[in-house]
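Since the structure comes first, as C-alpha cells, the remarks are kept for the end.
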Amino acid sequence: RTADRRQPMDIEAGHQVGTFSADSTNTLSGGVHITQGSLDITSSTARITMVDSEPTRAVFSGGPVVLKQVMDDGTPMTARANGVDYNLRTEVVVFTGDVQIQQPRGSMSGQRVVYNLKSGSVESGGEGGGRVKMRILPRNAQAAPAAASMPPDDKDGE
Amino acid sequence: MNWRTTLTLLLLAGAIVSGWSVWTHRGESSDNRGSSGRSDYVLHDFELVALDGATGKESFTLRAPRMERDPGDHTMTMETPLFLLPDSEQHYWQVRAKTGWVSEKGNELRLRDDVRVDGPPEGRKVEMRTQRLNVFPNRNVATSPVAVTITQPGSILRGRGLVTNLATRHYEIKSQVRIRHVPPR
C-alpha cells in the first residue's frame with residue numbers, strides 16, 4: 001500500500017556493514033527480513049541505499065527473494081524472483097530471474113518483470129527477458145484462491 | 001632401625017623439601033610486589049593528552065576524577081573516565097564508562113559498564129551504548145564483543161559484536177542485526 005511508506009520499517013539480518021552518515025549504503029546478509037506496513041520481504045542478502053537518512057532503494061538477492069504486499073485496492077500480491085530491485089521512492093520494482101507473481105486476478109511468470117506498485121502497471125519480457133506467461137482468471141473464478149502456481153517456465157518458450 | 005632413626009630421617013627429609021621450596025619460589029614475590037594492588041602514583045582530577053609515538057599527533061585525551069598506575073605492568077585504571085578521540089577532521093568522539101583501563105603504551109583502551117559513545121557534535125548525530133568497548137586509538141578502531149545499540153537520526157540499530165572505524169565512520173555488526181527505521185513525519 002502507498003501508506004506503507006509512512007510506517008516504521010523493521011529490518012532483521014545476520015550481519016551488517018554500513019557507514020555512520022546520512023548518505024550511505026548498508027549491506028545486509030545472513031538472511032534478511034524486512035517489514036513495513038503490509039510489505040514483507042525475505043531474501044539472503046540486501047543492499048539498502050540511504051539518502052539523507054531515508055531508504056531510497058533496496059536491492060535483494062538470493063533465496064529466492066519473496067515479496068508480499070497488499071495493494072491499494074486491498075488485494076494481496078506475492079512475488080518470487082532471484083533478484084528484486086525496489087525503488088522505494090517511485091515504487092517501481094524490477095523482478096529478475098525465475099519471476100513468479102501471484103494475485104487474485106491471475107498470475108504471471110517470466111525472467112524479467114517491471115511492476116509499478118503505485119499504478120499497478122506491469123511491463124515484462126524484453127531485453128532478453130525470455131517469454132512471459134500470464135494467466136488472467138475470469139471474474140467469477142477470482143474469488144477462489146489464485147490458480148495453482150504456473151508450471152515451471154521453460155526458458156525456450158513455445 | 002629403631003624409631004629414633006626413622007624420626008630423624010623424616011625430619012631431615014622435611015627440612016630438605018621446605019628448603020627447596022623456599023629456594024625455588026624466592027624470585028616470585030619480588031615480581032608480584034608491584035601488582036599487589038598498591039599503585040606507584042595516583043592522579044586526581046586530571047587531563048592527560050596522549051600522543052602517538054610515531055606521528056606525534058594527539059592519540060586521545062583522557063579526563064577522570066582519579067587514576068592509579070600499576071608499577072608492575074605500567075597500566076592505568078580509572079573511574080568514570082571521559083576519553084576524547086579525534087577523527088580525521090580533528091573533531092572529537094566522546095567515550096564515557098564506569099571504569100577504564102589504558103595499556104602501558106596507551107595503544108589500547110578498555111571501557112567497561114555503561115559505555116556511552118557520542119559522535120562529534122559537528123557531524124551527523126551518532127550514539128552508541130554497550131557494556132564493553134575496546135579502543136585502539138592509533139588505528140582509530142573500536143570494537144565490542146557484546147550487545148550494542150546505535151542511534152542515528154531516524155533509526156535505531158541493535159546487534160551483537162561491533163567493529164567500527166572512528167575516522168572513516170564505517171562499521172560492521174557481526175550478528176543479530178535489528179534495525180527500526182522511522183520515516184520523518
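Throughout, a chain's letter reflects where its sequence line sits, starting with A, and its residues are numbered from 1.
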Near Arg69(B) CZ, under 6.0 Å, is it more than 12 heavy atoms from other residues, nucleotides or ligands? yes
Centroid-centroid under 6.0 Å between Tyr86(A) and Phe60(A) rings: no
Would you be so kind as to tabulate the donor-acceptor pairs closer than 3.5 Å made by side chains of residues 50-57 of chain B, with sequence neighbours excluded?
from, atom 1, to, atom 2, distance (Å)
Asp52(B), OD1, Ala54(B), N, 2.7
Asp52(B), OD1, Thr55(B), N, 3.4
Thr55(B), OG1, Lys57(B), N, 3.1

Chain A contact via Ile150(B) - which portion, at a heavy-atom distance below 4.5 Å: side chain
Side chain, backbone, both or neither: which part of Ser155(B) has a heavy atom under 4.5 Å from chain A? neither
For atom CZ of Arg129(B), decide whether the heavy atoms of other residues, nucleotides or ligands shown that lie under 6.0 angstrom number more than 12. yes
Can you say whether Gln176(B) sits under 4.5 Å from chain A via the side chain, the backbone, both, or neither, judging by heavy atoms? backbone
Got a salt bridge between Arg66(B) and Glu79(B), using NZ or NE/NH1/NH2 to carboxylate O under 4.0 Å? no
Check whether Arg169(B) gets within reach of chain A through its side chain, its backbone, both or neither, counting any heavy atom under 4.5 Å. both
Which atoms of Leu28(A) approach chain B - backbone, side chain, both or neither, heavy atom under 4.5 Å: side chain
More than 12 heavy atoms of other groups within 6.0 Å of Arg178(B) CZ: yes
Between chain A and each of His181(B), Glu172(B), Lys125(B), count heavy-atom pairs under 4.5 Å; write down the option with the most. His181(B)
Chain B contacts, top residue of Val17(A), Val32(A), Ile34(A), Thr27(A) (heavy-atom pairs, under 4.5 Å): Val17(A)
